[in-house]
Colleague: 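My structure is below; once you've seen it, I'll send some questions.
One-based numbering along the sequence shown. Basis for what follows: all heavy atoms, side chains included, without hydrogens, waters or symmetry-related copies. Indexing begins at 1, ligand by ligand and atom by atom, following the structure's order.
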Amino acid sequence: MASQSKILITGATSGLGREIALQMAARGESILASGRRQNRLTALEARSDITGLALDLSSPDNITLACANMPALSGVILNAGITFADDFTSGDYETDNALIQTNVGANVQLIRALLPNLKQSQGRILIIASLGGLTPLPYQAVYAGTKAFMINFGLSLREELKHEGIKVGVFAPGGIKTEMTDIPAMKALEKDLAPVESVAAAAVKAYDKMPALCVPGAQNKLIAGFSKLAPRSFIAGQAEKIYRKARQDSKSD
Ligand SMILES: NC(=O)c1ccc[n+]([C@@H]2O[C@H](COP(=O)([O-])OP(=O)(O)OC[C@H]3O[C@@H](n4cnc5c(N)ncnc54)[C@H](OP(=O)(O)O)[C@@H]3O)[C@@H](O)[C@H]2O)c1
């Protein structure tokens, strides 16, 4: 088992990435779990066949170094991500830039650097995007932009890399109960958040089957289907009303 190729999962110190790592390790996969919080990585290592990799995705130099020392991989799950859930006008460029680097720049760099490794194993890449990349998402505008990038990037890459024997799939969940959504702005929408265990199980299934785009959950599938029919400007307007009300409700609680 020690020499088994590993599956790299980014953002495995909490939420969806951690749960995917645990579920995949439980079925015998050898997992390389990355994140910044060393105590969380150490706790994961104590549980099963999981190796921790301290990696700050905000640093391109750190990514280059990590990729140069990467063990043989059979797959990569690009899950790490951050958001900024507030008026765009209340943000700043430093926050925007960190979001774009973590959600987009790091993933593009990782895929490029790991191509030879994945080509060797005829491996697979699962990109964790979001329903918020299929529909406009006012009050998470930069986040929605990064996830739309990852969906188009992933689906484009899928067609190119199939000729290299590498499978690429995109996973686009709706709201999940994790640290990311454990913030005042999301409080009013808490009841609509899916449990992380079931979303992780759907992500593991997507990793196995590698459909081009997997949207887990009946309601999310409906929204994704509607997004193909309705004008994006209409969806943006409706979403703005829903999120503005949710933010007002959260503030008045
Ligand atoms: N929660 C939702 O409602 C939802 C919905 C749709 C899609 N998603 C997507 O699902 C993915 C996981 O989100 P989550 O909800 O599980 O969030 P989470 O619980 O906040 O976990 C985020 C993970 O990303 C890692 N991370 C953040 N910044 C990093 C950096 N600079 N370098 C390295 N790792 C970094 C964190 O690890 P460290 O802090 O230890 O570095 C953590 O492990 C994200 O891509 C998110 O966009 C989430």
Side-chain angles (χ1 to χ4, degrees), residues 8-23 31-45 50 52-63 65-67 76-85 94-95 97-107 109-110 126-135 137 139-140 142-151 153-154 170-183 185-187 189-200 202-203 206 213-217 219-220 223-224 243 246:
L8 170 66
I9 303 175
T10 66
T13 53
S14 73
L16 185 60
R18 177 179 180 276
E19 188 58 33
I20 294 172
L22 290 173
Q23 289 188 17
I31 301 298
L32 185 60
S34 86
R36 290 166 301 182
R37 285 169 285 182
Q38 186 57 58
N39 60 332
R40 299 280 186 100
L41 294 174
T42 307
L44 273 175
E45 285 184 316
I50 298 179
L53 172 68
L55 173 60
D56 184 353
L57 297 173
S58 68
S59 161
D61 288 347
N62 281 8
I63 296 172
L65 192 66
C67 289
V76 179
I77 301 182
L78 296 170
N79 162 81
I82 52 175
T83 192
F84 173 73
E94 204 174 68
T95 310
N97 204 29
L99 219 154
I100 294 166
Q101 166 60 19
T102 308
N103 295 7
V104 174
N107 288 334
Q109 188 187 353
L110 278 169
L126 183 67
I127 291 169
I128 308 296
S130 169
L131 198 56
L134 289 171
T135 63
L137 200 54
Y139 305 111
Q140 287 189 78
V142 180
Y143 176 80
T146 64
K147 293 298 178 179
F149 179 109
M150 290 310 299
I151 291 172
F153 173 61
V170 179
F171 184 72
I176 316 163
K177 203 166 164 43
T178 64
E179 283 180 19
M180 180 180 273
T181 50
D182 190 14
I183 53 175
M186 294 283 180
K187 202 160 178 286
L189 298 171
E190 206 178 5
K191 60 180 186 335
D192 299 322
L193 299 174
V196 71
E197 293 82 3
S198 61
V199 183
L213 175 65
C214 171
V215 176
Q219 196 183 332
N220 296 331
I223 294 169
Y243 281 96

Colleague: Looking at residues at least two apart in the chain, or sitting in another chain, which of them share a ring pair (Phe, Tyr, Trp, His ring centres under 6.0 Å) with F149?
Modeller: F153
Colleague: Just to be sure I understand the cut-off, which residues have at least one non-hydrogen atom under 4.0 angstrom from an atom of ligand 1?
Modeller: G11, A12, T13, S14, G15, L16, G35, R36, R37, L55, D56, L57, S58, N79, A80, G81, I82, T102, I128, A129, S130, Y143, K147, P173, G174, G175, I176, T178, E179, M180, T181
Colleague: Can you tell me if D182 uses its side chain to pair, donor with acceptor, with the backbone of K177 under 3.5 Å?
Modeller: no
Colleague: Please name the residue in the list L213, I151, L78, V199 that meets the side-chain contact (heavy atoms from CB on, under 4.5 Å) test with F171.
Modeller: V199
Colleague: Going by the rule salt bridge (charged side-chain N to carboxylate O under 4.0 Å, His left out), which residues pair with R40 if we only count those two or more places apart in sequence or in a different chain?
Modeller: E179
Colleague: Show me, pair by pair, the donor-acceptor contacts under 3.5 angstrom made by side chains of residues 13-20, not counting sequence neighbours?
Modeller:
{"residue": "S14", "atom": "OG", "partner": "R37", "partner atom": "NH2", "Å": "3.4"}
{"residue": "E19", "atom": "OE2", "partner": "Q23", "partner atom": "NE2", "Å": "3.0"}

Colleague: May I ask you to test the Q101-P60 pair for a side-chain heavy-atom distance under 4.5 Å?
Modeller: yes
